[in-house]
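See structure below.
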2 protein chains.
Amino acid sequence: MSDAHDVLFRTLADPTRRAIFERLCREGEKTVGALTAHAGVSQPVVSKHLGLLKRAGLVLDRHEGRQTHYSAKVAALAPLVDWTSQMAGFWENRFDDLEDLLQRMDQ
Amino acid sequence: MSDAHDVLFRTLADPTRRAIFERLCREGEKTVGALTAHAGVSQPVVSKHLGLLKRAGLVLDRHEGRQTHYSAKVAALAPLVDWTSQMAGFWENRFDDLEDLLQRMDQ
DNA sequence: CTCATTCATAGCTGTCTGGCTATACGTTAA
DNA sequence: TTAACGTATAGCCAGACAGCTATGAATGAG
């Protein structure tokens, strides 16, 4: 059972990887070298994280000469937003149920 | 660097744990036994997950005799919502920047 | 052509953690 | 008190994975 939520949560769970994604969100397109400069880990590690982010659909890559430019694909966060509001929704529904119950008890 | 986002993402990254949380959101308060019945893992594992969910602030526990009732604390998802909208926000801002740039180029 | 640059891949390693069983602890029933 | 029940804890193990170095592959510079 490896649905969309799973991939998103797992991909964003790692601090280093999430930091890379955040930087792409804040500052836009970056090369692997630029990302490595502030990532605190080696270049191969950054490449690996970018690969996972790409597989999760969270980033896009664009090859230009010998550099690769990565950019955030914010739309990929949609399932996460959906999931969150769904959870909140269930909670509110149960709250409504409680209200109904209290009303029926009142009668 | 273990901020609130970190704990939330890491805690919700595990499918089994997330499923437990989802169930608490959908169906409200449950005992450990009731949760174990549908979790697909042993009771100690469920207890462990509940412990982590509790440490993350995602659930509350209530002791009643020899059973423990757990319930979801949806408000704890707030930082996640904030983070997501922040990421989306950065993206829109950069879009605005692009518009500004294009406008300036137009003049 | 040759060398430097930029990134990706391969292979290794230590750590983290989710699963298990066994067991301890507290509570209710007999 | 003793037994059964519901959870939590302890301890172990196997698999996953984030980090590293070394190297390959592709491109640009000289």
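For the numbers below, each heavy atom of this structure counts, side chains included, while hydrogens, waters and symmetry mates do not. Each chain gets a letter, A, B and so on, in the order its sequence line appears, and its residues count up from 1.
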Write down the protein N/O and nucleotide N/O pairs, taken from nucleotides 10-18 of chain C, whose separation is under 3.5 Å; answer none if there are no such pairs.
unit_1: C:dG18; atom_1: OP2; unit_2: B:R17; atom_2: NH1; d: 3.1

**OP:** Indicate yes or no: does A:D6 engage A:R10 in a salt bridge with an N to O separation below 4.0 Å.
**Re:** yes

Subject >> Under the side chain to side chain contact (heavy atoms under 4.5 Å, CB included) test, residues paired with A:V41 that sit two or more places apart >> reply: A:T16, A:A39, A:V45, A:V46

Subject >> Qualifying residues under side chain to side chain contact (heavy atoms under 4.5 Å, CB included), relative to A:T84, sequence neighbours excluded >> reply: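 Checked A:T84 against side chain to side chain contact (heavy atoms under 4.5 Å, CB included); matches are A:L80, B:L77, B:L80, B:V81.
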
Subject >> Test item: A:R17 side-chain N/O and A:T11 main-chain N/O as donor-acceptor pair under 3.5 Å >> reply: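 Yes; at least one donor-acceptor contact below 3.5 Å.
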
Original post:
If you walk 5' to 3' along DNA chain D, what is the first nucleotide with an atom under 4.0 Å of a heavy atom in chain A, and what is the last?
Top reply: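 Range of nucleotides touched by chain A: D:dA18 to D:dG28.
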
**OP:** Go along nucleotides 1-7 of chain C 5' to 3' and tag each nucleotide: B for a protein heavy atom under 4.0 Å from its base, S when only backbone or sugar atoms are that close, - otherwise.
**Re:** ---BBSB

Mind listing the side-chain donor-acceptor pairs of residues 51-62 of chain B below 3.5 Å, one per line with the distance, residues two or more places apart or on another chain?
unit_1: B:K54; atom_1: NZ; unit_2: B:D61; atom_2: OD2; d: 2.9
unit_1: B:R62; atom_1: NE; unit_2: B:E29; atom_2: OE2; d: 2.9
unit_1: B:R62; atom_1: NH1; unit_2: B:E64; atom_2: OE1; d: 2.7
unit_1: B:R62; atom_1: NH2; unit_2: B:E29; atom_2: OE1; d: 2.6
unit_1: B:R62; atom_1: NH2; unit_2: B:E29; atom_2: OE2; d: 3.3
unit_1: B:R62; atom_1: NH2; unit_2: B:E64; atom_2: OE1; d: 3.3

Subject >> Estimated bend of the helix from C:dC1-D:dG30 to C:dA30-D:dT1 (axis per five terminal pairs, rounded to 10 degrees) >> reply: 10°

Subject >> Partners passing ring pair (Phe, Tyr, Trp, His ring centres under 6.0 Å) against B:Y70 (at least two apart in sequence or in another chain) >> reply: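 B:Y70 satisfies ring pair (Phe, Tyr, Trp, His ring centres under 6.0 Å) with no other residue.
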
**OP:** Return the set of residues passing ring pair (Phe, Tyr, Trp, His ring centres under 6.0 Å) with B:F9 (not counting sequence neighbours), or none when no residue passes.
**Re:**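 If we apply the ring pair (Phe, Tyr, Trp, His ring centres under 6.0 Å) test to B:F9, skipping adjacent residues, the hits are B:W83.
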
Original post:
Could you give the distance from NE2 (A:H63) to OG1 (A:T68), rounded to the nearest 0.5 Å?
Top reply: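 The NE2 atom of A:H63 sits 5.0 Å away from the OG1 atom of A:T68.
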
**OP:** Rounded to the nearest 0.5 Å, what's the gap from CD on B:E22 to CG on B:L12? Could you check?
**Re:** 9.0 Å

Subject >> For B:S47, all residues meeting side chain to side chain donor-acceptor pair (under 3.5 Å), sequence neighbours excluded >> reply: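 Checked B:S47 against side chain to side chain donor-acceptor pair (under 3.5 Å); matches are B:Q43.
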
Subject >> Partners meeting side chain to side chain donor-acceptor pair (under 3.5 Å) with A:Q67 (sequence neighbours left out) >> reply: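 Partners of A:Q67 by the side chain to side chain donor-acceptor pair (under 3.5 Å) criterion come out as none, since no residue qualifies.
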
Original post:
A:K48: what forms a salt bridge (charged side-chain N to carboxylate O under 4.0 Å, His left out) with it, not counting sequence neighbours?
Top reply: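 None.
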
